[in-house]
Amino acid sequence: MQDEIDSPQHHVDSAGTYVAVLVTLLFLTILTTAVAYVDLGYFSTVIALGIACTKMLLVALFFMHIRHSTKLTKLVVVGGLLWLAILLLLTLTDFATRTWIGVPGR
Amino acid sequence: MGNIQLFPVQGSTLAPEVDHLLYFFLAVSAFFTLLIFCAIFFLAIRYRRRAANELPEAGHTGYTLEILWSVIPFGITMVMFTWGASVFFKAARPPADAIPIYVVGKQWMWKLEHMEGRREINELHIPVGKPVRLTMTSEDVIHSFFVPAFRTKQDVVPGRYSTVWFQATKPGKYHLFCAEYCGTRHSGMIGWIYAMEPQDYENWLSGGAAQGSLAENGKKLFQDLACSNCHKEDNTGRCPALPGVFGSTVHLTGGATVKADEAYIRESILNPQAKIVAGYEPVMPTFQGLVTEDQVLQLIEYVRSIGAKPAPGSAPNSPASAEKPATPGAAPAKR
Amino acid sequence: MQLTAEREHYLNASYGLKSWLLTKDHKRIGLLYLFTITLFFFIGGAFATLIRLELLTPQGDLVSDDVYNRLFTMHAIAMIFFFMIPSIPAVLGNFFLPIMIGARDLAFPRINLLSWYLLVAGGAFALFAMIAGGVDTGWTFYTPYSTTYANGWVIATALGIFIAGFSSILTGLNFIVTVHRMRAPGMTWFRMPLFVWANYATSLIQILGTPVLAVTIVLLFVERVFHLGIFDPARGGDPVLFQHLFWFYSHPAVYIMVLPGMGVISEVISTFSRKPVFGYAFVAFSSVAIAVLGFLVWGHHLFVSTQSAFAGLVFSFLSYFVAIPSAIKVFNWTATLYKGSISFETPMLYAFGFIGLFTIGGLTGLFLAALGIDIHVTDTYFVVAHFHYVMVGGTIMAFLAGMHFWWPKITGRMYPEGWAKLSALIVFVGFNLTFFPQFILGYMGMPRRYHAYPPEFQVLNVLSTAGASVLAIGYLMPMVYFTWSLKYGKVAGANPWGATGLEWKTASPPPVHNFDETPIVTHDAYDYSTVHGEEIQVG
Amino acid sequence: MADHSHTETLDLRVQFDTAEQQKDCSTLGMWIFLITEVMFFGGMFAAYTIYRQFYPEVFAIASTSLNAKIGAFNTCVLLLSSFTMVMAVRAGQLGKQKAIVGWLILTLIFGGAFLGVKGIEWHEKFVEHHIPGQAEFHLEGLPQSEQGHAQIFFSLYFSMTGLHALHMVVGAGMLIWLLLEARKGTFSAKYYTPIDVGGLYWHFVDIIWIFLFPLLYLIDRHLKV
Ligand code: HEA
Ligand code: HEA
Ligand code: CUA
Ligand SMILES: [Cu+2]
């Protein structure tokens, strides 16, 4: 017995789709590079990472066929990102709060 | 060896608190351990297999029991957490009037310096009944300052300062251990704490003050290292005057502020460019490699001694009290 | 189910060294693992023996301080990375997980074999390091000691652990895919034996945690070899960051070590009470809950490390959440006994031992998770006692329970019951004598990793050493009688315990592809009405 | 269910019942492996985040010493290789043998170009003495006391790009193997799982770079143009 296999990957995307995705990706690369020279303060980082996330989504959804994959695969991806978030956020609970009680080393 | 001792002496104000917490944990643990042991014992005997082919009814699982034995332990653990945290916070925050002592750990010895200038190695004399606050750093690897009788310990990390404090309650001689593994002679990095009546302590202090007080040594260094060439008392020239700096809130170029604590002064000496005082040029050279950790501590003590200085332990703006959570979120002294 | 000697099974299907070294059969690979980890257990045990002998007297008289530091480091590395982490999953899990869900093999048999070779390769590096002079960093490799000051074979050992880590990752990956995709018809998630649930949860930790250890080792490596300065305090790096990354893996790793053991205990308790495990679904979910929550608590190893007090608070708080699923398991096992039909074969004795000792070990974990107590007892023998209670008193007991439980299935022979019971008793007594005194030592303030100690700690240390020698005997006995039983043991039937799992529905030892016919599952796990009346004839 | 005495074929190994099940297992297995890779790089991302927060100005200046234009160019090369890879997978799905080989070769070429450019960039660092741990290390525009922090930036730079490059090399090895198999005619519309799974890996390595590029080259660049 297996979990639902809603027959993945029998779906063949057209070459045009891939070309469109590629062009978008290249455009975003140039965009993020250009924007980096503009001082948007705090937003510079947000935009750089936002564009990177968009590019990641494009690659994952189209090139890696997440669009057509099983629920389990999607769950695996989301789970992985969640764990990355745990690693980053809980590590930061230390490094971001080091001075809160104002005693060195506490 | 004849007399077996099974419990450590209570030597500090913290010790009874930690011990009470321990008693609570022991009681809870004893209860659950006995509960489980007895239950297994009696059930196993009561329901032992009597016939080879016996087949017991498969019972039903009720949610009530499951909820019961999730919620009750959870409640207990929350008490454990809260109580444990409250003891910890007492151990984490030194009182304002604590006597400062400086500690440098290195493979494999403890170097301790009193404000008044007495230096000790692997021994620390402290007065009974007065809080003592240690500011600690390491010259090489991580060590840990551990006094079982005081029920407290704190790692000593290179490149950073850490703090531990205690108030001895009984005169006596207590073990000082290094509790973080630090290499070959880790088990030899031990010493003694001598808790003395305040009067004896004063005598002891004055007994060997020949080396000059910490601040005096710092002052001398301040001259020798030519700090005084730039930092003039009268605030002339390109440098900020240092009197009154310690414990104050310093405004930096870029708009941030920082509280001038040990870590900040240390950084100003070793890494002056990290935080530039507003209105000044970043011309101060680094003294990284020119001064040892001990000397940094002496300089800090000197800067502290010329800081705002009301009667010790009273006024709210005394240097030590200013170290309390003054400006949360102020540019952190990360290292 | 014929039992003639000529019947073909996985052991006699082919012969020769090559047929083992190139096998893709998960059962044979399980046995390959068994030999490997046994070797490392005895290596680690030999180091432990030397540690205990040294600590017999307060002076450091048996070995030098440098040697002592190498001893406890290599003791822990052998025991943790090359014995305990692969122990139950890679031996018993490998052997039984596919059978228990009615599969012919794991999803990726070649990768399974590869992961054994990786463990061997990693082990070879570690062994080389041990023979060439050892390492003295402690198994935690804290920087900057390990990057700059230690002069042992840090890199060889770290590389060995890195490679063994891949072995662990691949095993976990294999198990997860197998459980998701290879279950027999009718084997729904809630019909899976709890041992499978436990291994599934373990696999989650293996794939999510181990890579972080791997990268931590890589960063250690580049800092030591290429002088990159990621943790170097001299350049403004933070050694505490290393500790965060290390414990991000190594705390969840303690659940890699204990969860499969809990799975074994569920099987054993059920079989020898002839009752389904009480609160099956809760026990199943608690495994997953432990795996998930286990990732949120690592900072409880850093309470005095200069981690911020606020982070300490968060991690202490979260630590208590893991205790709840563990409590659920302990209570449910106990409740399973109620109105059961309980018999006292060796696996059951070990299971009782597990529950008792794990309870003590777990409860003392709660002491450590309390900030106020931990500042006193961290880095003392209290911690040493805590983790030996959960690992030696817990996991090793469970491993032995599982070995005895499934021995007839693996080899087709029974072990000698009398000897086995005796050794279980010896292990239990020896264990408590070894490690209980260490709780007291720890609270008295004896720091860990001490080669010499003040004389007032001696009495308790003598007790501990005495216990360790009893324990050693208890561990050597199964070696002897298991080997003996291979030739002289009573021939076992397909289902000597009257147990329910699919593994008992196939012959002992199982055929090459596990089942003569793919089983179709129609009952819940632990439905004893399906075996009742069959050969229930327990000695 | 199917009896298991059938002889093993590439698209149906003994342990599986159907080819569908086998393909699904391989894909799932690769995704899980990619998750372990996320966590592997995650450790370095954590270190990066913390140090960037510690020493923002130093990191800004150190970022500026990298050539963003070359970085952007290289990103484009890598994205192109991802595109050719997905085309190879598509050719596999359609069972077009020749096309598989062609697209794989293109992928290899772009991958190689990326590594080549990376090599040039690394070489520059050597020339400029931006190698942490070397006595001559010196990053222009920073006082002596901040050089240590700059070393941390470059330590991260080299570990992150180094490990990424290592993954590329492994990926290239995989491509070569796929290429050889494809030329033997192993793949067809029925059995192209290895290309599919290999593609997942290749795209993943691409995604890592998508993040490394802004993190190392771009963020806070405006602070010092
Ligand atoms: C198999 C291994 C294993 C397991 C399962 C555990 C389980 C737990 N551990 Fe342990 N631990 C280690 C192995 C393990 N540990 C190791 C190896 C170290 C030291 C590493 C080193 O430094 O070298 C360590 C160190 C360690 C520390 C750090 C100590 C220090 O260095 O200062 C802490 C602190 O919180 C801790 C806590 C816990 C907790 C809360 C649990 C919990 O999961 C326990 C949960 C179980 C129970 C609670 C018992 C069952 C429940 C009941 C009977 C019901 C009653 C319950 C309640 C009232 C709640 N452990
Ligand atoms: C799974 C893990 C595991 C296991 C099974 C064990 C098993 C044992 N451990 Fe282990 N131990 C650790 C994990 C483990 N330990 C870890 C992680 C540390 C921390 C290390 C560090 O600080 O970095 C540690 C540290 C540690 C210390 C503290 C050292 C110190 O801090 O200074 C001690 C001291 O008593 C000890 C004792 C024992 C004993 C007596 C056993 C016994 O259970 C072993 C019994 C087994 C045998 C005895 C084998 C039988 C074989 C023989 C008898 C052959 C003998 C042959 C010759 C002597 C030639 N261990
Ligand atoms: Cu210093 Cu241990
Ligand atoms: Cu832990």
Side-chain angles (χ1 to χ4, degrees), chain A residues 2-3 5 7-15 18-19 21-22 25-26 28-30 32-41 44-45 47-49 51-56 58-60 62-66 69-70 72-73 76-77 79-81 83-88 91-92 94-96, chain D residues 17-18 20-21 23-25 27-28 31-32 34-39 41-43 45-47 49-50 52-54 63 68-69 71-73 75-76 79-80 82-87 89-90 93-94 196 199-200 202-204 206-207 210-215 217-223 225:
Chain A
Q2 306 149 26
D3 293 334
I5 300 179
S7 76
Q9 254 116 81
H10 281 316
H11 195 104
V12 184
D13 281 320
S14 73
Y18 292 144
V19 174
V21 172
L22 173 69
L25 286 169
L26 295 179
L28 286 175
T29 306
I30 294 162
T32 188
T33 315
V35 164
Y37 290 90
V38 186
D39 187 351
L40 299 171
S44 285
T45 313
I47 289 184
L49 290 180
I51 293 183
C53 288
T54 317
K55 286 161 76 180
M56 169 185 77
L58 285 174
V59 173
F62 291 90
F63 289 178
M64 299 171 92
H65 309 295
I66 291 272
S69 43
T70 59
L72 181 61
T73 310
V76 168
V77 175
L81 294 179
W83 251 255
L84 183 62
I86 292 177
L87 170 62
L88 296 176
T91 313
L92 280 176
D94 174 11
F95 291 92
Chain D
D17 292 328
T18 61
E20 188 70 16
Q21 184 191 21
K23 179 165 177 5
D24 200 47
C25 280
T27 317
L28 181 60
W31 272 108
I32 292 174
L34 296 185
I35 291 312
T36 71
E37 294 278 25
V38 170
M39 296 310 289
F41 281 95
F45 285 131
T49 315
I50 283 151
R52 177 131 222 156
Q53 182 213 358
F54 270 25
S63 293
K69 291 184 184 96
F73 169 76
T75 311
C76 292
L79 289 170
L80 272 170
S82 247
F83 169 73
T84 53
M85 186 72 223
V86 80
M87 290 306 284
V89 175
R90 187 167 178 278
Q93 287 173 326
L94 301 173
D196 198 27
L200 289 179
W202 191 260
H203 298 309
F204 171 80
D206 193 5
I207 289 183
I210 287 179
F211 281 95
L212 290 186
F213 173 56
L215 290 181
Y217 290 75
L218 298 183
I219 292 182
D220 286 348
R221 180 167 275 271
H222 60 268
L223 287 181
V225 193

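Naming: A, B, ... by sequence-line order, numbering from 1 per chain.
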**Item:** chain A contact via D/Y217 - which portion, at a heavy-atom distance below 4.5 Å
**Value:** neither
**Asked** Side chains of D/F73 and D/K69: does their closest heavy-atom pair fall under 4.5 Å?
**Response** no
**D/F45 and D/F211 aromatic ring geometry - parallel, tilted or perpendicular at 30°/60° bounds** = perpendicular
**Message:** What part of D/L218 gets within 4.5 angstrom of chain A, counting heavy atoms only: side chain, backbone, both, or neither?
**Reply:** both
**Request:** Please tell me if the side chains of D/T27 and A/T73 come closer than 4.5 Å, counting only heavy atoms from C-beta onward.
**Result:** no
**Nearest-0.5 Å distance, CH2 of residue D/W31 to CE of residue A/M64** = 3.5 Å
**Item:** Under 4.5 Å from a heavy atom of chain D, the part of A/V35 involved
**Value:** neither
**Request:** Let me know if A/I66 has heavy atoms under 4.5 Å from chain D in its side chain, its backbone, both or neither.
**Result:** side chain
**Request:** Identify which part of A/L84 has an atom lying under 4.5 Å from any heavy atom of chain D, answering side chain, backbone, both or neither.
**Result:** both
**Prompt:** At a heavy-atom separation under 4.5 Å, does D/T49 approach chain A through its side chain, its backbone, both, or neither?
**Reply:** side chain
**Prompt:** Would you say the side chain of D/W202 lies within less than 4.5 Å of the side chain of D/D206, judging by non-hydrogen atoms?
**Reply:** no
**Message:** So for A/V38, is it side chain, backbone, both, or neither that comes closer than 4.5 Å to the heavy atoms of chain D?
**Reply:** backbone
**Request:** Name the region of A/L92, side chain, backbone, both or neither, that has any atom closer than 4.5 Å to a heavy atom of chain D.
**Result:** side chain
**Request:** Sort out for me which of D/G71, D/G42, D/G43 touches chain A most, counting heavy-atom pairs under 4.5 Å.
**Result:** D/G42
**Message:** Taking side chain as everything from C-beta outward and backbone as N, CA, C, O, which of these in D/L34 sits under 4.5 Å from a heavy atom of chain A? Side chain, backbone, both or neither.
**Reply:** side chain
**Fill in**
Here the pair of heavy atoms bringing A/T29 nearest to A/T33 is O-OG1, 2.7 Å
**Request:** With rounding to the nearest 0.5 Å, note down the distance linking CD1 in D/I210 to OG in D/S82.
**Result:** 7.0 Å
**Asked** Can you tell which of D/L200, D/I50, D/T36 has the highest number of heavy-atom pairs within less than 4.5 Å of chain A?
**Response** D/I50
**Complete:** The interface call for A/V19 against chain D, heavy-atom contacts under 4.5 Å, is both
**Prompt:** Would you find a donor on one side and an acceptor on the other, under 3.5 Å apart, between the side chain of D/R90 and the backbone of A/Y18?
**Reply:** no
**Request:** Look at the aromatic rings of D/H203 and A/F63 and report parallel, tilted or perpendicular, splitting at 30° and 60°.
**Result:** tilted
**When A/T32, A/I51, A/L28, A/L49 are compared by non-hydrogen pairs under 4.5 Å with chain D, the top option** = A/T32
**Request:** Please look at A/D13 and chain D and tell me whether the side chain, the backbone, both or neither of the residue comes under 4.5 angstrom of a heavy atom of that chain.
**Result:** backbone
**Request:** Work out which heavy atom in A/K55 is nearest to a heavy atom in D/L79; give both atom names and the distance.
**Result:** CE-CD1, 4.3 Å
**Message:** Among A/G80, A/A60, A/A52, A/A48, which residue has the highest count of heavy-atom pairs closer than 4.5 Å to chain D?
**Reply:** A/A52
